[in-house]
Amino acid sequence: MPEESKISKAQQKAVNKYVKNNYDRINVTFPKGQKAVIKSHADSRGESVNAFISRAVTETMQRDKSESA
């Protein structure tokens with residue numbers, strides 16, 4: 001690993017604390033092979049997998065809300 005990309009234990013601890021205090025974590029499971037399909041789709045749109053899944057959930061909830069109104 002290149003020297004400039006190493007993260008100190010203190011830096012990693014600070015990042016972990018920030019994430020714990022500012023984000024909720026949800027674990028999802030998909031059938032084997034879906035991870036690669038999802039990653040490929042996200043990459044094709046210039047998104048991370050997390051950003052893609054978050055957008056998909058948000059857009060679906062908005063659509064569902066407008067359908068039930």
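Bear in mind the structure is a predicted one, so any value in this text is a computation, not a measurement.
- Judged purely by atom type and a 3.5 angstrom limit, Ser40 has no side-chain atom pairing as donor or acceptor with the backbone of Ala36.
- The two atoms that bring Gln11 and Lys6 nearest to each other are OE1-O, 4.3 Å, heavy atoms only.
- The structure places OG1 of Thr29 at 11.5 Å from CD of Gln34, a figure rounded to the nearest 0.5 Å.
- A salt bridge does not link Arg63 to Glu59: none of the charged side-chain nitrogens sits closer than 4.0 Å to a carboxylate oxygen.
- Phe52 is connected to Ile26 through a chain of hydrophobic side-chain contacts under 4.5 Å among Ile, Leu, Val, Met, Phe, Trp and Tyr, so both are in one cluster.
- For the pair Asn16/Lys13, no side-chain contact is recorded, criterion being any heavy-atom separation below 4.5 Å from C-beta on.
- Shown here for Ser48 and Ala42, the closest heavy-atom pair between the two residues is O-CB, 3.7 Å.
- The shortest distance between side-chain heavy atoms of Lys35 and Val49 does not fall below 4.5 Å.
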Give the intermediate values and the outcome of side-chain contact (heavy atoms from CB on, under 4.5 Å) for residues Met61 and Val57. CA-CA 6 Å; Met61 290 188 319; Val57 169; 4.1 Å; yes

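- In this structure, Phe30 places its CZ atom where more than 12 heavy-atom neighbours from other residues, nucleotides or ligands lie under 6.0 Å away.
- Annotation for Arg45: atom CZ does not count as buried by contact number, only 12 or fewer foreign heavy atoms lying within 6.0 Å.
- In the hydrophobic clustering of this structure, Val19 does not group with Ile7; members are Ile, Leu, Val, Met, Phe, Trp, Tyr whose side-chain heavy atoms approach within less than 4.5 Å, directly or through other members.
- Between the side chain of Ser54 and the backbone N or O of Asn50, no donor-acceptor pair lies under 3.5 Å.
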